[in-house]
Asker: 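Below: one structure in structure tokens.
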Amino acid sequence: MISLNEIRNRALVFAHEWERECNEDAEAKSFWDGFFEVFGVPRRRVAAFEYNVKKQDGAQGFIDVLWKGVMLAEHKSRGKDLDKAYAQAKDYIPGLKNAELPRYIVVSDFEKIRVYDLEENKHEEFLLKDLHKNIELFGFISGYTVRHYEKEEEASIKAAKLMADFHNEIAKTGYSGHDLDVFLARILFCLFAEDTGIFQQGQFRTYIEDRTNIDGSDLGIHLLQIFEVLNTPREKRQTNLDEQLNAFPHINGGVFAERIAPVSLDAGARLKLVKCCSFGWSEISASIFGSLFQGVMNEDSRRQLGAHYTSEKNILKVIQPLFLDELYVEFDQAKYDPKKLDAFHQKLAKLTFLDPACGCGNFLVVTYRELRRLELEILDIKNKTGQMRMFGTEDLSLLNVNQFYGIEIEESPALIARTAMYLVDHQMNNELSAKFGIPYLRLPLREPATIVNDNALTRKWEEVVPKHKLSYILGNPPFVGARIMSKGQKEVFLSIFDNAKGAGNLDFVTAWYEKASRYMVGTNIKTAFVSTNSICQGEQVGILWKRLKEKYGIVIHFAHQTFKWNNDAPGVAAVYCVIVGFATVETSKKYLYEYETIKSEPKEKEVKKINSYLSEGNDIFLESRRKPICNVPEMNFGSMPNDGGNLIFTKEEYLEFVNSEPQSAEYFREYIGSEELINSRKRYCLWLVGVEPSKLRMMPMVLERIEKTKNHRLESSREATQKLASTPAIFAERRQPEENFLFFPLISSESRDVIPIGFMHKNVVINNKGASVVSDNLLYIFGILSSLMHMTWVNRVCGRLKSDYNYSINIVYNNFPWPENILDEQKKKVEESAQGVLDARAQFPHSSLADLYDPNTMPPELVKAHTDLDRAVDACYNKKFPTKESRIEFLFELYKKYTSK
């Protein structure tokens, strides 16, 4: 197998040659021979050309390329219709035998390539010149096929539900806490052991069915007896031990060492356990099941079992660029030299890994499994070349779970993590046995993985594993926002950052970045964490990354830009994440993984530098500014009532109030924020600035509202709010424009391509979820802020509230690099295009901005108007932008230019 980078290089050469040489006489056969060579696979070895087949209508046909059971390719001349090519390819399908049916159909015209995945019911199309960017689509040729874990995930969820039922039967008797956790972990081990060759087939179930009472009254006693036997070496067992019990092997490894309280079971528990024994435990994923098993321990999690685990696909996004891709490249370079291959094998056995928030061990389990699979490829070559002797199999695998370390604050998942590492070790031993046809079993268990049950933020990591011994740090530390930490978490968190200025605004996960950075200084250790994308957006960038780079010399080696991190289980809220790989040492190659949408597959891009906003380019830290960096009008926050809701009214409440106290009508104003503007909802407020006291005293209902506002402020724990009780008739903070203004919603859905902006009369009161801009050039301001250029900036630097944009005036608006030295005709074109957007909106008077800017319902007229506006704004920057990344890179450079003056 050749490396991914080598495949990309071959793809570039192949595409260049065919773009240069392709003509009317070009042969499809030569094209496909060369295409397969890109992936290091001779086409003749796997696929037939011009394969004879009967078409659906009975006529004879010839398939251009058929790789039986894998791929069918149909080729056309340059410029021909690929839809017709696909239809022709489908027409061949009925003439193929079941074993020959392809999963993939590929059609091409020498210029474009389209790949259909018939199982996933999806397709991708790209230009031949972009083949190097799309090699992942051809993993079925290269061998870098994305593994499909659906079967393992489904089996793991079923297994966890069975364990949940068994757990419930026991828990209702009052047996709980640590003893129950240990008891269930041991049962899990036995179920797995029986199905994977650690025990004899059916040994555990047969014992339960043959030796325990149907009413389950003695089941607990027998299970504890089995646990004791599993923990005792054969030579130390009693000579008169029951033969059926003595047949169980010695396990060791600490799994059965601890004494736990006896458990009393009944018929229901026995029935549930026998049902668990009937399940095929060999199919479970040790990584996924760990998290699901933890859910068994928690009542709320049990209600939605299968909803909370980290998918293996996402874990691979961390470990592949962190170390696995490099190891495979090194393997490719060493596999033809026996000495180099042996040295590489020894190197794998010395690598060590730490997950300082390991939970149930998901990341450690997948990492170990992938390393063992790489080791299998090493052993396969050694076997074929006679380097591996088939005796002395005990030390065939040099890798072991004792290369892995974890820290977990909760006891139950720490226990599960230790067990999961044993499970995956045995699964990999079984894979080794199957590959070489020899029995390979590590019993009794050797040194376990080191999983420390402690707080990773207070425990010294050097005490868990000395840093001179460690190779990599990885994981998925907890997602807790800066505002929702517990008091204890906040105290520990701030102490880690030495109570540095601004640290209180950082998310909890950043404490792991700080500790990892401090720990790595003076070493070659590399780290990669999954985090909420907020740590690379808004004000957190300037606080966190500036500190890490200046204090510890952190360099970002690779990064996945924002993507959706969840397992797609029903009802699960999505989390929007990034992955950042970093170290205190440089690396020659850096990789950025870009996503067209948050649900897209990543596209790998080699870059020279990655900045803290996870874009290509030099380090940049946007400061929180009170004034814009450009000569443009200021944007101001709306007004803050701090009234306990007493001065604010829904439309219905307003009408009822005015009907009861008509003289109050003149003091009501429309009250607008992000929600009201975007969804065309009406709210009102009592705006009593400058109203004569005598008039207020004539309105008892208004006075009642004022009194309630006063009491609300007096009840506050903040002294500043209590002082505001002296002026209860007016808003606590008043920033109302005195002229007509542009209204900018500070909260808006990320699903919209544009943040909808509105023009407002000066009498409309803005709340604190909105902002205003006053200018003589409102139409031009509207055009720039509604453009793709501004939204590209927003998308990269704006903070988030859940997944919604949480627009910061000081970070986003005041740092935005506006066009410089624009011509009058360019400005006029922007204003004309901006008016075109307003005119397009006006064609749909019964639709809200939410309706108009929903990607699925946006009218074509409005789409065109915004496209015209984007062109006009781009022209002001005097540059063309082929990709969104080229836009943000340009804007960052322009920002640096403006701020370095």
Side-chain angles (χ1 to χ4, degrees), residues 624-643 645 647-649 651 654 664-692 709 724 727-748 754-787 790 794 798 805-816 818 827 830-831 834-835 837-838 841-842 848-849:
S624 180
R625 301 175 187 272
R626 294 188 176 184
K627 303 284 185 182
I629 61 172
C630 298
N631 185 23
V632 294
E634 291 184 28
M635 181 180 284
N636 296 299
F637 287 105
S639 298
M640 171 83 75
N642 201 344
D643 64 332
L647 302 178
I648 312 302
F649 297 76
K651 183 178 180 179
Y654 156 71
S664 67
E666 64 178 295
Y667 306 115
F668 275 94
R669 289 193 183 184
E670 188 176 344
Y671 182 68
I672 192 168
S674 302
E675 173 75 12
E676 291 75 25
L677 173 78
I678 295 172
N679 294 290
S680 296
R681 292 176 183 164
K682 295 287 186 181
R683 283 208 294 169
Y684 298 84
C685 69
L686 276 168
W687 190 255
L688 303 173
V689 177
V691 180
E692 291 191 22
T709 299
L724 292 170
T727 54
I730 57 177
F731 277 31
E733 298 175 15
R734 300 169 303 286
R735 305 182 192 89
Q736 186 59 24
E738 296 180 358
E739 304 172 46
N740 293 346
F741 60 90
L742 200 62
F743 176 84
F744 192 95
L746 298 178
I747 306 296
S748 179
V754 179
I755 296 178
I757 307 171
F759 288 81
M760 294 292 148
H761 188 274
K762 63 182 180 180
N763 286 339
V764 176
V765 175
I766 319 167
N767 72 15
N768 57 307
K769 293 294 190 287
S772 65
V773 178
V774 175
S775 171
D776 294 332
N777 298 308
L778 286 184
L779 202 54
Y780 173 71
I781 303 295
F782 171 87
I784 298 294
L785 295 182
S786 299
S787 71
H790 180 246
V794 169
C798 185
Y805 292 121
N806 188 11
Y807 194 95
S808 164
I809 296 174
N810 292 353
I811 295 289
V812 186
Y813 181 83
N814 288 345
N815 283 308
F816 178 63
W818 292 64
K827 183 177 179 182
V830 170
E831 290 175 341
Q835 186 61 54
V837 169
L838 296 174
R841 288 184 187 181
S848 67
L849 290 176

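Counting begins at 1 with the first residue of the sequence.
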Asker: For the pair Phe816 and His790, name the ring-plane relationship: parallel under 30°, tilted 30 to 60°, perpendicular over 60°.
Answerer: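 Phe816 and His790: perpendicular rings.
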Asker: Can you tell me how far the NZ atom of Lys769 sits from the CD1 atom of Ile672, to the nearest 0.5 Å?
Answerer: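 One gets 14.5 Å once the value is rounded to the nearest 0.5 Å.
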Asker: Are any of the side-chain heavy atoms of Leu742 and Phe759 separated by less than 4.5 Å?
Answerer: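 Side chain of Leu742 against side chain of Phe759, heavy atoms only: contact under 4.5 Å found.
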Asker: Got a second to check how far Asn740's CG is from Ser772's OG, nearest 0.5 Å?
Answerer: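 Taking CG in Asn740 and OG in Ser772, the distance rounds to 11.5 Å.
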Asker: Could you walk me through whether Leu849 and Arg841 pass the side-chain contact (heavy atoms from CB on, under 4.5 Å) check?
Answerer: CA-CA 8 Å; Leu849 290 176; Arg841 288 184 187 181; 3.8 Å; yes
Asker: Quick one: are Val765 and Phe731 in side-chain contact, heavy atoms under 4.5 Å?
Answerer: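 Yes, side chains in contact.
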Asker: Check step by step if side-chain contact (heavy atoms from CB on, under 4.5 Å) holds for Asn777 and Lys827.
Answerer: CA-CA 10 Å; Asn777 298 308; Lys827 183 177 179 182; 3.5 Å; yes
Asker: Can you spot which of Leu779, Leu785, Ile784 makes a side-chain contact (heavy atoms from CB on, under 4.5 Å) with Ile781?
Answerer: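 Result: among Leu779, Leu785, Ile784, Leu785 is the only option passing the side-chain contact (heavy atoms from CB on, under 4.5 Å) with Ile781.
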Asker: To the nearest 0.5 angstrom, please state how far the OG atom of Ser639 sits from the CH2 atom of Trp687.
Answerer: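 Result: 4.0 Å between the selected atoms.
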Asker: OG1 of Thr709 to CG of Leu724: how many Å apart, nearest 0.5 Å?
Answerer: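 Between Thr709 OG1 and Leu724 CG, I get 11.5 Å after rounding to 0.5 Å.
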Asker: Determine, step by step, whether Phe782 and Val773 satisfy the side-chain contact (heavy atoms from CB on, under 4.5 Å) criterion, reporting the C-alpha distance in whole Å, the side-chain angles of both residues, the deciding distance to 0.1 Å, and the verdict.
Answerer: CA-CA 9 Å; Phe782 171 87; Val773 178; over 6 Å; no
Asker: Exactly one of Arg681, Arg683, Lys651 should register a salt bridge (charged side-chain N to carboxylate O under 4.0 Å, His left out) with Glu676. Which one does?
Answerer: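 Exactly one candidate clears the test, Arg683.
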Asker: Is the ring pair Trp818/Tyr780 parallel, tilted or perpendicular, if the boundaries are 30 and 60 degrees?
Answerer: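 Geometry flag for Tyr780 against Trp818: tilted rings.
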Asker: Find the distance between CD1 (Ile730) and CG (Asn642) and round it off to the nearest 0.5 Å.
Answerer: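 Ile730 CD1 to Asn642 CG: 12.0 Å, rounded to 0.5 Å.
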Asker: Can a salt bridge be assigned to the pair Lys627 and Glu634 using a cut-off of 4.0 Å between side-chain N and carboxylate O?
Answerer: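 Answer for the salt bridge query: yes.
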Asker: Hey, could you give me the OH/NZ distance between Tyr671 and Lys682, rounded to the nearest 0.5 Å?
Answerer: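 That separation rounds to 15.0 Å.
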